[in-house]
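Accompanying notes for the structure given below.
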Amino acid sequence: MPIDKIFKDDASEEKGERARMASCIGAMAIGDLVKTTLGPKGMDKILQSTGRGHAVTVTNDGATILKSLHIDNPAAKVLVDISKVQDDEVGDGTTSVVVLASELLREAEKLLASKIHPMTIIAGYRMAAECARDAILKRVIDNKEDPEKFKSDLTKIAMTTLCSKILSQDKEHFAEMAVDAVFRLKGSTNLEAIQIIKKPGGSLRDSFLDEGFILDKKIGIGQPKRIENAKILVANTAMDTDKVKIYGARVRVDSMTKVAEIEGAEKEKMKDKVKKILAHGINCFVNRQLIYNFPEELFADAGVLAIEHADFEGIERLGLVTGGEIASTFDNPESVKLGHCKLIEEIMIGEDKLIHFSGVEMGQACSIVLRGASHHVLDEAERSLHDALCVLSQTVNDSRVLLGGGWPEMVMAKEVDELARKTAGKKSHAIEAFSRALVAIPTTIADNAGLDSAELVAQLRAEHHSEGCNSGIDVITGAVGSMEERGIYEAFKVKQAVLLSATEAAEMILRVDEIITCAPRRREDRM
Amino acid sequence: MALAFDEFGRPFIILREQDQKTRLRGIDAQKANIAAGKAVARILRSSLGPKGMDKMLQGPDGDVTITNDGATILEQMDVDNQIAKLMVELSRSQDYEIGDGTTGVVVLAGALLEQAERQLDRGIHPIRIAEGYEMASRVAVEHLERIAQKFEFDADNFEPLVQTCMTTLSSKIVNRCKRSLAEIAVKAVIAVADLERRDVNLDLIKVEGKVGGKLEDTELIYGILVDKDMSHPQMPKHIADAHIAILTCPFEPPKPKTKHKVDIDTVEKFETLRKQEQTYFDEMVQKCKDVGATLVICQWGFDDEANHLLMHRNLPAVRWVGGVELELIAIATGGRIVPRFQELTPEKLGKAGVVREKSFGTTKERMLYIEHCANSKAVTVFIRGGNKMMIEETKRSIHDALCVARNLIRNKSIVYGGGAAEIACSLAVEAAADKYPGVEQYAIRAFAEALDSVPMALAENSGLQPIETLSAVKSQQIKENIPFYGIDCNDVGTNDMREQNVFETLIGKQQQILLATQVVKMILKIDDVISNSEY
């Protein structure tokens with residue numbers, strides 16, 4: 001009696017070894033895909049979207065690459081997910097986490113081939129991860145007490161992060177910018193307050209940090225181009241035709257005169273509104289929604305600068321920066337908090353006119369204007385800068401830092417290796433494998449730079465055998481050297497997140513012994 | 001299907017589109033059904049126990065779930081076979097009733113079916129097998145009652161509860177921090193439990209997850225967590241001693257349900273309508289302010305103007321809060337849900353010690369904590385984890401642990417896990433079999449054998465020699481006449497489950513045996529299957 005099919009049509013089931021193989025291969029494929037982007041000499045990828053316009057993105061940001069892939073393999077999806085989470089949580093290390101997870105699985109596959117049970121491997125990996133974390137925890141550098149040193153730490157971290165990106169040419173410049181911007185936040189992680197404006201033209205070196213706030217809008221015609229000691233009302237209100245919001249209201253008239261009357265009333269209403277707004281004693285009015293010509297004219301008459309159609313984030317930021325509240329009703333002008341700034345003026349960046357608010361009350365916010373040859377360059381520059389900003393803002397809160405350049409991996413590998421020697425039982429194989437996976441990261445970095453990785457890593461390992469060694473791989477000169485001297489630093493939080501989530505993901509995938517794929521949902525034919 | 005009579009008055013059955021249907025009758029039908037049931041059980045078998053493996057399930061939309069929770073696996077498996085669907089139902093009802101042991105129940109049912117097949121081959125009538133199973137299950141359940149132990153705990157000493165939850169959690173991926181999670185689950189249950197009535201309303205425990213951080217950051221919040229932020233970015237992020245107005249009416253102009261039109265035909269009407277509109281918003285906000293609310297939580301959206309007015313009058317507000325959350329907030333803060341502004345009174349406001357907004361990670365994800373509520377009987381378990389699948393799996397595991405803790409509060413009896421209870425039952429059933437005259441005896445023996453398959457699967461999944469281990473434990477139980485010996489899955493070095501602190505709830509085990517028997521009986525009674533062969 002043949003067993004009737006249990007699943008629906010098109011559903012498939014893979015069991016045991018096959019399932020494990022499928023997930024290991026899927027994960028490794030993803031790892032190999034992003035592997036070449038790792039490190040300062042990592043290469044970029046071109047992503048062409050299948051959507052309309054076939055938009056092209058050039059990037060070496062792991063999360064961005066993986067986000068845009070269409071993947072069918074469920075294990076690969078787990079890896080994509082961890083990279084995404086890494087991006088959300090700490091902002092950097094999105095490639096490393098995937099590479100480490102896939103290396104862990106690669107090692108695990110070898111162990112599986114020699115008939116070690118996945119649960120034993122998991123137990124070993126867990127012990128190893130714990131030990132690795134303790135190892136780097138012991139060697140962290142914390143300079144929170146000394147602001148000068150801390151600042152230089154931050155700059156070094158920013159430079160390390162940026163050196164693997166498109167901005168590596170001008171990394172000093174950008175690192176300084178990023179550190180300045182993050183310091184202005186005063187410990188908050190709200191990166192919203194840092195505005196990044198991209199304007200094609202010029203070169204990356206022309207990018208600058210502006211202390212004030214820049215709004216990518218034009219000033220209305222006939223309105224003042226420069227206001228000193230501005231009082232700003234930030235609003236979110238309809239300035240087109242202020243509709244009656246009561247449900248079911250409609251205009252029904254029986255003659256032309258009535259239409260004219262109502263039109264007059266409407267105009268009157270708008271005039272009233274403008275009058276009320278003006279009663280706040282402002283000289284600048286920024287609205288999220290459209291401002292029609294009529295009220296704009298009224299504002300111009302009153303000598304008030306009216307800016308329309310600022311997007312929602314712009315409004316929020318402006319409210320934050322100038323200290324004004326976002327208003328939607330205008331009946332009590334005395335109690336609405338207005339925003340203040342010393343000077344509003346129109347500035348030119350390249351060809352474009354922008355509005356610049358300087359001397360704002362809240363020093364938190366700032367704008368970074370990125371200049372560059374093309375949109376692709378700018379997009380990538382923004383992503384890189386975003387990574388750096390994320391890492392820095394997280395480091396400000398958790399000020400522990402580590403050396404970079406494969407140093408943490410070697411430290412961890414050494415400790416884990418020692419643990420393996422002490423551990424009895426089959427677990428020690430898994431622990432050893434963990435250390436091999438860790439070493440794979442500096443190996444990859446060296447490989448990507450076209451260096452003799454075997455030679456370098458062996459040398460590095462030998463040097464790390466002595467206590468308190470600071471050596472890492474300096475990709476630029478292609479030699480092993482002290483990372484402390486070269487100022488290559490990384491944030492502890494990033495490394496820890498990479499280690500933990502890669503282990504977690506590998507563990508999750510290893511525990512699977514069966515993959516059941518449901519039939520894909522049928523798209524309804526609309527043809 | 002229809003019944004018709006031919007010209008001689010003999011009845012015959014007409015099936016619609018008969019040529020497209022297949023029909024299985026008699027022993028073939030039973031065999032086919034058993035095969036299907038076994039196939040489902042086989043899938044789950046490897047997920048049993050602390051060393052059980054997980055399954056990766058890819059849903060119809062490409063979403064990935066990784067779990068070893070029996071109910072979840074079966075639910076997502078997209079099963080087509082009717083009998084297999086019965087097994088899915090079986091695990092689901094165990095989930096609803098008990099919340100834990102969803103894998104075990106299916107494995108047991110599968111083993112029972114396997115044994116039934118052997119009896120069928122011997123030529124025993126399916127009904128006799130079913131009868132025998134029924135008797136055996138009664139014996140087993142009674143025996144469980146006998147070997148069960150009461151254990152004592154109270155709100156101050158909940159260590160035994162934690163131990164039991166840890167048994168449940170040890171089979172999940174979260175076993176890395178089973179201790180802290182078990183403590184969280186037990187604390188949560190005790191916080192909402194009514195120890196007098198021995199009842200726990202699990203609805204009062206909200207399980208919320210957010211991707212990011214690590215599993216160790218999971219925490220228990222004595223209050224409510226809402227995945228929302230303040231409606232206006234400039235509202236205060238921290239409110240102490242909040243008086244909360246819980247509204248289900250929007251801050252928008254009224255929308256009468258009857259269809260209507262308001263005609264504007266004169267300037268005066270236009271003016272009055274405009275005034276009306278403004279006063280309307282004003283009144284709404286004023287009303288909230290008048291009763292003394294310092295926070296408004298609303299199920300619906302706000303109009304821009306209302307939003308600003310709220311902000312302006314210094315009345316923080318949260319919009320688009322879901323119905324369930326709203327209810328929980330009402331319970332926790334002791335407030336009343338108010339459907340109309342007119343009905344707002346100071347007594348109906350909820351009270352909370354602290355309401356604060358907290359942001360996570362580098363993206364602007366914010367959540368609202370409502371803590372130190374007037375009525376502390378609502379708690380939230382807030383789970384953090386490395387990725388989405390991890391969070392989902394942790395949620396399921398926490399749910400299992402919560403259920404176990406609840407069951408223990410309802411009924412303090414426990415049996416020992418690690419297969420110990422099954423082995424003891426198997427021995428009891430085996431002994432009882434000899435007392436029954438008649439064919440049922442064989443079925444009862446088969447039942448005993450089926451019970452053995454659970455510890456067998458445990459041993460197998462833990463990498464032990466299944467038959468060897470089982471027989472060793474069995475003889476140990478008989479020799480020393482102690483029903484606490486089970487399979488040593490974690491390689492601790494002792495078979496005594498009392499020492500290993502591996503408990504399960506008595507009702508959970510009993511339910512497993514009863515449910516599995518019922519479903520198997522049902523399957524055995526089917527002797528005719530008509531199905532569409534191809535479509």
Side-chain angles (χ1 to χ4, degrees), chain A residues 1 3-8 11 23 74 77-78 81-82 85 88-91 117-119 126 189-192 236-237 244-253 258 261-262 265 269 316 319 325-329 336 390 500-501 504-505 507-508 511-521, chain B residues 28 31-32 35-36 39-40 43 46 51 53-61 64 66 77-81 84 173 176 211-212 214 232-234 253-255 260-265 267 270-271 273-274 276-277 303-305 307-309 311-312 359 361-364 386-390 463:
Chain A
M1 174 61 54
I3 303 168
D4 279 30
K5 58 180 194 309
I6 302 177
F7 302 109
K8 291 203 174 118
S23 35
K77 275 188 189 154
V78 176
D81 200 57
I82 57 168
V85 172
D88 290 349
E89 269 299 292
V90 285
H117 195 266
M119 284 296 168
R126 263 189 198 171
T189 51
N190 187 8
L191 293 181
E192 297 281 297
N236 173 16
T237 184
V244 178
K245 283 172 190 159
I246 291 170
Y247 185 69
R250 61 173 179 181
V251 178
R252 172 171 281 185
V253 289
K258 290 264 174 68
E261 276 170 19
I262 286 178
K269 186 180 168 191
E316 265 184 36
E325 68 178 42
I326 300 170
S328 296
T329 55
V336 171
C390 284
L500 292 182
S501 44
E504 218 166 66
E507 189 181 310
M508 214 155 165
R511 279 176 68 102
V512 171
D513 76 335
E514 183 156 340
I515 302 176
I516 298 167
T517 315
C518 292
R521 199 183 293 286
Chain B
D28 283 345
K31 285 272 176 73
V40 173
I43 293 175
S46 64
K51 294 274 171 83
M53 306 294 280
D54 289 4
K55 308 278 177 247
M56 194 185 266
L57 300 148
Q58 194 167 23
D61 297 324
V64 177
I66 298 178
M77 231 162 52
D78 207 8
V79 166
D80 203 26
N81 185 294
I173 192 167
R176 180 155 51 94
V211 177
K214 48 188 188 298
H232 197 288
Q234 286 161 329
K255 282 186 187 165
H260 70 289
K261 289 271 181 286
V262 182
D263 282 349
I264 303 170
D265 50 8
V267 177
F270 183 78
E271 293 283 322
L273 212 55
R274 206 181 102 203
Q276 190 104 47
E277 191 185 288
D303 194 87
D304 285 346
E305 276 180 47
N307 202 2
H308 174 247
L309 273 178
M311 151 78 196
H312 193 77
S359 54
T362 60
T363 47
K364 58 169 208 176
N387 55 50
K388 210 168 57 214
M389 297 118 203
M390 194 73 188

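Quick note: numbers below take in every heavy atom, side chains included, and nothing from hydrogens, waters or symmetry partners.
Interface remark: A/Met508 contributes backbone and side-chain atoms alike to the contact with chain B (heavy atom separation under 4.5 Å). For A/Ile515, the parts lying near chain B are the backbone and the side chain together; criterion is any non-hydrogen pair under 4.5 Å. Only the side chain of B/Met311 has a heavy atom closer than 4.5 Å to any heavy atom of chain A.
Side chain of B/Lys388 to main chain of A/Val78: no donor-acceptor pair is present (N/O by atom type, distance under 3.5 Å, no hydrogens or angles).
We find the CD-CG distance between A/Glu507 and B/Asp54 to be 9.5 Å, quoted to the nearest 0.5 Å. Taking OG of A/Ser23 as the start and CE of B/Met56 as the end, the distance is 5.0 Å to the nearest 0.5 Å.
Listed by chain and number, the residues in a side chain to side chain contact (heavy atoms under 4.5 Å, CB included) with A/Glu261 are A/Lys258, B/Val267 (sequence neighbours excluded).
Put simply, of A/Ala505, A/Pro118, A/Pro74, the one with the most heavy-atom pairs under 4.5 Å next to chain B is A/Pro74. Counting heavy-atom pairs under 4.5 Å between each of A/Ile82, A/Leu500, A/Asp81 and chain B puts A/Asp81 at the top.
The shortest distance between side-chain heavy atoms of B/Lys55 and B/Ile66 does not fall below 4.5 Å.
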